[in-house]
Amino acid sequence: GSGTATPAAPGAAGSPAAGMPTLAFIAQMQNPSQAFSWKMYQKNAAKYGFNVINLDNGGDVQKQTAAINNAVAQKVAAIAINPVDEAGYVPATTAAMSGGVVVCLSMVPPAAAAINASTCSVSVDDILGGQTAAKAIMAAFPNGATGVEIGGQAGHVAANNRHEGFSKAVAGTNIKVLDYKNPTAWDTAQAQAIANDMITKYGDKIQFIFCHWDNGATGVINALKAVNQPWANKVLIIGVDGNKTGFAQVQSWPNYISIAQNAETITSKVMEQSMKWIKKDSSAVKANIIPFDVITKDTIANFTAPEW
Amino acid sequence: MNARIIEVSKTVLALQKAFLAIILVVLAMAVFNMIPATRSEFFSQVNLVDLLKSSSIFLILAMGETVTLIAGGVDLSIGGLMALTGVVVIQLINAGVPIPVAIALCLLLGLVVGAVNAFVSVYQRTEPFIITLGMGIVLTGIGLQLTDAHPVTATDQGFQSIANTEIFGPVPILVLVMLAVVAVVYWMLRNTSFGRNVYAVGGDYEVAKYSGINVLRTKAATYLICSLTATLGGVMLASQLNSASSIAGDNTPLYVVCAVVVGGTSVAGGIGGAIKSAIGLVLLGILTNAFSMLRIDTLVSYLPTALLGIIIVSILWLDSYGRKRKREAV
Amino acid sequence: MSASTQRLGGRVNSQTAINLLKSNPIFVAIAALAVVTSFVEPQFLTGENLNNIIRQFGTLIFAALGMTLVIMAGFLDLSIGGIIGLVAVVTVTLIDTVGQGPAILIGLSVGLGCGLLNSALIISSGALTQAESLFITYGMSLVYGAAALMYVQGVTQFLTYSKTSIALFDTINSGGIGFLSVSAMIFLVCLAILYVIERRTYAGRAIVLTGGNKVAARLAGIPISRSIVIIYSVSGVMAAIGAVVLVSRVTLADPTMGTPYMTQAILAVVVGGTALIGGRGSVMWTVVGTLLLILLNNCLNLLEVSTYVQYMLRGAILIMAIWLDRVKQTSVSK
Amino acid sequence: MVVASAPAALLTINDVSKAFPGVKALDHVTLEVRPGRVHGIVGENGAGKSTLMKILSGVYEKDSGEITFDGNVIDKVTPVESMHMGLAIIYQELNLVNTMSVGENVFLGRFAESGGRAGVHAKARALLDSIGCKVDTHKQVSELSVSDKQMVEIAKALSFDSKLIIMDEPSSSLTNDEMQKLIKIIHELKAKGIAIIYISHKLDEIFGFCDVVTVMRDGHVIDTRDVSSITRNEMISMMVGRTIENEYPPRPECAGETILEIKGISTRKLRDVKLTLRKGEILGLVGLVGSGRTELVRALFGADRVAGKSILLDGKPVEINSPKDAINLGLAMVPEDRKLQGLLLGFAVEQNISLAVLARLTKRGFIDTKGESSISDRQIKALNIKTPSGRTKIRSLSGGNQQKAILGRWLEMSPRVLILDEPTKGIDVGAKYEIYLLMKKIVEDGGSIILISSELPEVLHMSNRVNTICDGRINGEFDPAVASADEIMAKAFEFA
Ligand SMILES: Nc1ncnc2c1ncn2[C@@H]1O[C@H](COP(=O)(O)OP(=O)(O)OP(=O)(O)O)[C@@H](O)[C@H]1O
Ligand SMILES: Nc1ncnc2c1ncn2[C@@H]1O[C@H](COP(=O)(O)OP(=O)(O)OP(=O)(O)O)[C@@H](O)[C@H]1O
Ligand SMILES: [Mg+2]
Ligand SMILES: [Mg+2]
């Protein structure tokens with residue numbers, strides 16, 4: 001992955017609509033959810049009056065810094081950043097802000113220490129996401145249950161927050177988490193391998209599995225199917241993302257909950273708020289929290305599955 | 001005198017591919033800049049300084065790696081060490097250790113890691129490729145454990161100023177540190193006995209040994225140097241970002257080694273140099289930057305990665321092909 | 001890896017096999033790990049877990065088997081990460097248009113094509129050193145990876161969304177006779193073929209000779225270029241088989257899913273004892289090396305070792321295994 | 001036994017033994033070397049000469065015995081220590097770093113002490129000039145010819161202020177001219193009171209300028225004598241343990257028709273070289289180092305790609321684009337650089353021998369390993385290769401035995417045209433004679449040989465016809481039975 005740029009609409013190469021400010025979206029483009037967010041930016045850019053370009057951070061803080069600097073050099077009006085970690089972007093975005101660029105943190109809220117390193121934030125609160133998962137489990141097992149948690153990429157900000165929210169919410173309750181492991185990347189095969197090993201070790205003690213992402217949960221389901229035991233089919237699985245797979249799994253697995261972050265809502269909000277901050281609109285909001293949608297068999301009819 | 005001219009022109013020729021590629025990129029960007037539709041900020045002062053800044057840490061790491069590669073070794077633990085150093089230096093500072101002491105302790109950590117790498121791969125004669133890969137995994141694990149996988153931020157704002165204070169106009173200390181490291185390694189490789197011994201050891205281990213060079217110690221020292229630059233890079237990165245994360249170095253080693261090789265340092269040992277490596281890194285940096293300025297993603301998304309790969313392959317291909325032609329011409 | 005088993009051309013009798021067992025620290029490492037784990041965690045020795053281990057063996061072993069020949073010839077292939085991703089997405093996306101069987105065949109051909117392209121680049125440039133091959137294939141891994149990303153625009157492809165039958169993939173994943181799963185059978189077939197090639201055939205000998213001394217081998221009429229074509233083609237195809245097995249197992253294809261296998265496969269080969277400098281090694285050893293890596297993960301997970309500590313232990317055990325192997329080899333040669 | 005009187009011994013080797021797995025390389029060796037003397041050491045291949053020298057220089061450790069050098073007992077030395085004690089060695093296998101410059105190689109490991117970049121090149125220049133070598137000190141060693149490398153090695157040994165210089169077959173790749181320079185240098189060193197150990201298979205050299213000679217066989221010292229008190233035949237019989245009447249077998253007859261015709265080969269160096277070879281003929285190529293002999297045969301054999309090449313075999317034009325093509329047509333080549341181009345050091349002797357006939361041993365893709373072993377056993381026996389078994393790694397064989405194994409590799413395919421590029425380089429008299437006999441047998445069986453050798457007597461005695469090659473052109477043809485050596489050399493020196 002390398003820092004790369006793309007103007008708004010496909011076909012509009014090199015001819016940004018005159019006068020429209022540019023918003024740079026900086027994320028890890030190999031990650032399907034972030035690639036989908038980019039599509040949503042492109043889809044709605046005109047509506048919010050932006051040219052959008054995209055720079056890849058390649059999952060590396062140094063490249064992320066380079067990408068932020070690149071965006072500033074290209075004289076963008078706003079930067080929407082989906083950061084690699086909670087802290088590494090701070091000096092670069094602070095510098096960008098001092099140059100008059102609006103920085104909008106997307107997907108994750110700023111850490112307490114980094115509160116001044118972004119103009120505004122539009123986020124699902126992953127801590128809240130973890131809590132939501134915990135609540136769903138408590139609701140499903142009022143008499144208590146045991147299960148496991150499979151995290152996202154070790155050290156990734158979303159994985160850290162989801163774990164934090166989840167473990168705080170279950171602490172002291174009758175829900176016992178037997179084990180918590182992370183893969184080295186958001187890699188379904190690794191999630192499946194971890195699930196396999198956990199199933200081997202804990203067997204039918206596993207009543208729920210909280211997996212930090214829906215595609216990883218696909219691996220979890222594969223692992224459960226492979227043991228071919230009645231208890232395995234009853235396991236409650238909770239995934240996060242609410243993508244196409246998440247929706248499908250809600251329907252196909254007996255007991256699946258997907259905690260959805262709606263990319264279109266988030267990206268639209270990013271552009272809306274960024275424009276307001278650019279125009280110094282008094283109605284601009286600093287911290288925008290987009291609530292999670294909780295997709296279950298009961299609620300699925302109320303949502304449409306995204307196309308990723 | 002004649003011989004000197006030949007030597008110099010040979011060096012230039014050896015630099016040729018990566019160097020020519022840089023010139024080509026710059027020329028291409030200049031041409032694009034004459035066309036309104038593709039005009040970019042590539043030549044703006046901001047961008048050029050950014051380019052330097054964003055290559056600096058990789059360059060610092062590359063200097064140590066170059067020394068190790070010339071000696072016929074390789075060190076893939078630099079990513080893990082860089083990340084761990086960042087974490088440790090910030091945790092120490094946050095725990096109240098004075099900044100210079102914290103940095104000194106980190107350099108010590110680097111020496112320890114380098115010593116282990118050297119002991120296992122040099123003195124025990126194992127495959128450094130695998131040993132240092134393993135070491136990188138160990139170091140990442142230690143970082144994860146120390147931080148519970150969370151990034152750490154320095155509370156003392158003084159730390160940040162180490163890398164970021166601007167001295168010559170917009171040029172920060174970080175860039176000066178990088179230039180100093182390049183200069184020191186350049187001088188050391190060219191003009192010290194140790195430096196020349198490094199070439200001898202990498203060029204022909206047995207011959208170097210029979211010629212009275214302490215091959216083990218020389219080779220071991222290159223691992224210490226490599227670890228030291230990785231540590232320095234880690235401290236500078238932490239200072240630049242005022243924070244550190246234990247997973248920051250994931251893709252770093254292959255990127256650095258690849259850039260060094262594109263610059264013309266041989267992984268087989270015996271051939272290479274500080275300037276060559278610097279050129280290789282600058283080339284990859286400039287390419288990424290140029291692609292981003294030209295917004296190549298407009299054509300096809302993910303194209304820049306492919307182009308980067310194709311350019312790396314082309315340069316290496318041309319390099320090997322040149323050597324083959326030379327072999328055949330004899 | 002005692003001196004006697006280093007000899008090529010077969011005739012490994014039971015005595016040397018026992019010596020090998022006795023003197024190979026990798027075996028010892030595996031055994032120790034297994035013993036400790038089975039004491040602490042009785043689940044380890046259940047048939048279920050063995051199955052589990054065999055399943056996890058999957059993709060890595062295929063990639064590593066292919067890599068073994070490459071390394072024995074004194075080259076390296078870093079492009080398999082990209083190839084696995086590319087083959088995976090190509091195969092899955094084609095199921096609906098051409099049907100599952102042809103999709104798999106096309107996937108395998110893509111792997112073959114990538115391998116051929118690698119070898120063409122290496123032969124045409126005369127990149128005869130390991131280092132040159134390493135970086136050319138690293139560059140190609142970027143190209144293949146980017147091609148995979150471009151092809152599906154970064155979007156994960158789901159096997160289960162196929163509108164036509166995917167029974168073949170199900171069979172690969174879960175079918176089998178008795179305890180022998182289909183992927184295990186594919187593995188055994190590949191292993192047998194590669195072992196015979198390596199030990200008994202001209203092509204195999206040419207490959208190790210290439211790893212021994214390219215110049216001398218060429219002057220004695222050994223076709224070096226053909227060896228290069230073979231090793232990279234085999235590596236590409238084996239990576240592609242690995243990709244198909246992977247897709248069958250995780251039921252989705254992600255353009256970046258091959259990345260971890262790039263270094264893992266080299267580790268498996270070298271941990272097994274094949275020399276990175278070429279000219280010495282065996283696919284059999286690679287099976288052992290892969291086993292160690294897989295067991296390591298499995299045991300550490302079963303022992304409830306935290307992810308972070310696992311990192312440390314994995315790295316440390318790798319270093320120890322290779323170091324011990326080295327210590328043993330020096331004591332043998334003295 | 002030591003006849004030499006006068007100065008006290010500089011080096012005393014007393015009862016030294018050394019064993020390698022399966023070989024007793026040195027068996028209670030006792031030897032004395034005195035200052036200002038040239039001490040020749042001769043012995044068949046594998047007699048232990050190089051091993052003894054490597055023990056002196058600290059590369060190997062002795063198993064038992066005692067060594068005293070310059071009044072100090074040397075027990076365990078490293079190569080560095082031995083050098084600083086004043087013991088320099090020119091190893092049999094070339095010992096230069098190919099990726100570094102000539103100047104730096106001369107002062108390898110002593111860069112700063114020698115005055116850094118400028119000092120190293122200046123001093124190296126002076127040293128090379130003193131031995132009449134003109135090669136540029138900035139040139140990378142990999143670009144030098146073998147003989148230039150040898151001269152650089154000599155300069156390197158001279159650069160130490162040594163009391164003893166060991167030369168392990170220094171002349172094996174030197175031309176006559178360079179040899180003369182070397183002899184001059186040796187005399188100068190001797191005059192300065194420096195002792196020289198001179199290992200060689202060329203008995204002329206021993207008689208030419210050595211004062212004392214030690215004969216070794218199978219790890220034993222047979223005897224040490226003043227050169228003036230020993231005859232050539234005595235020496236030979238001491239070396240091989242039997243008497244050899246002639247050093248060369250009678251020249252084989254040749255009366256065949258033309259089998260190979262080079263209509264023209266042109267490369268950067270070679271200028272439209274034409275050559276014919278008859279059935280059953282040994283054709284000698286004589287030229288100075290760098291005259292293009294190796295280049296010519298490599299081009300013929302398809303080892304190098306060349307621009308213009310037209311070759312007729314049995315009167316029919318053939319395409320030879322790779323060594324494989326050449327082998328398929330019945331051509332064989334023993335290359336000049338044994339280590340780099342001939343040996344697969346990490347492999348067993350039998351695998352080294354079977355190399356060229358591997359394709360023939362293959363049925364439907366499978367190698368007949370039984371056949372492979374029997375082939376190698378046959379060659380080991382036929383060529384009298386000293387090795388514990390066919391499974392031994394060829395790395396541990398002595399240079400001469402390695403060379404025989406390579407010869408065996410090619411003999412096994414019964415080549416129609418065998419190209420020998422310096423085939424007896426580093427080979428002892430006994431083995432040489434065997435190789436000559438082999439050459440004779442090959443031509444008598446209907447094969448033909450192209451022989452390149454820097455040892456003129458060898459070419460003169462063995463060839464039916466000699467072509468001189470000078471600066472990339474064939475400039476003369478002689479019948480060695482009638483032409484004198486001087487005549488031929490004069491032609492080889494003649495530049496166009
Ligand atoms: N490193 C080694 N390992 C095992 N055997 C060895 C080793 N080096 C030498 N030998 C054996 O020791 C014996 C003496 O070898 P050495 O090289 O000293 O012979 P040499 O007299 O120099 O012969 P040549 O004239 O062929 O150079 C030979 O039988 C050789 O095979
Ligand atoms: N590696 C090299 N780089 C540059 N020039 C070389 C190299 N090797 C050989 N040459 C030159 O190529 C020419 C032909 O060399 P070739 O080896 O054919 O000579 P030769 O007659 O066989 O001599 P020798 O006795 O050294 O084998 C010479 O001028 C030689 O100096
Ligand atoms: Mg010898
Ligand atoms: Mg020659």
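Numbers restart at 1 for each chain; the letters A, B, ... are given by sequence-line order, proteins then strands.
For chain C, the nearby part of Arg298(D) is the side chain; its heavy atoms alone come within less than 4.5 Å. Leu209(C) touches chain D through backbone and side chain together, each having a heavy atom under 4.5 Å away. No part of Ala326(D) comes within reach of chain C, as not one of its non-hydrogen atoms sits under 4.5 angstrom from that chain. Within the 4.5 angstrom heavy-atom criterion, only side-chain atoms of Ile222(C), from C-beta onward, approach chain D.
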message = Walk me through whether Phe366(D) and Val196(C) qualify under side-chain contact (heavy atoms from CB on, under 4.5 Å).
response = CA-CA 9 Å; Phe366(D) 290 88; Val196(C) 169; 3.3 Å; yes

key: Derivation and outcome, side-chain contact (heavy atoms from CB on, under 4.5 Å), residues Phe347(D) and Asn213(C)   = CA-CA 10 Å; Phe347(D) 288 71; Asn213(C) 180 347; over 6 Å; no

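For Lys324(D) against Gly221(C), the heavy-atom pair with the smallest separation is CG-O, 3.5 Å. For Thr362(D) against Tyr202(C), the heavy-atom pair with the smallest separation is OG1-CD1, 3.3 Å. Across all their heavy atoms, Leu343(D) and Ala216(C) have their closest contact at O-CB, 3.8 Å. Of all non-hydrogen atoms in Ser354(D) and Arg205(C), the two that sit nearest each other are OG-NH1, 3.9 Å.
The line from NZ of Lys214(C) to CG of Leu340(D) is 12.0 Å long, rounded to the nearest 0.5 Å.
Contact count versus chain C (heavy atoms, under 4.5 Å) is highest, among Ile327(D), Leu358(D), Leu345(D), for Leu358(D). With chain C as partner, the option from Ala356(D), Ala303(D), Gly346(D), Ser322(D) having the largest number of non-hydrogen pairs under 4.5 angstrom is Ala303(D).
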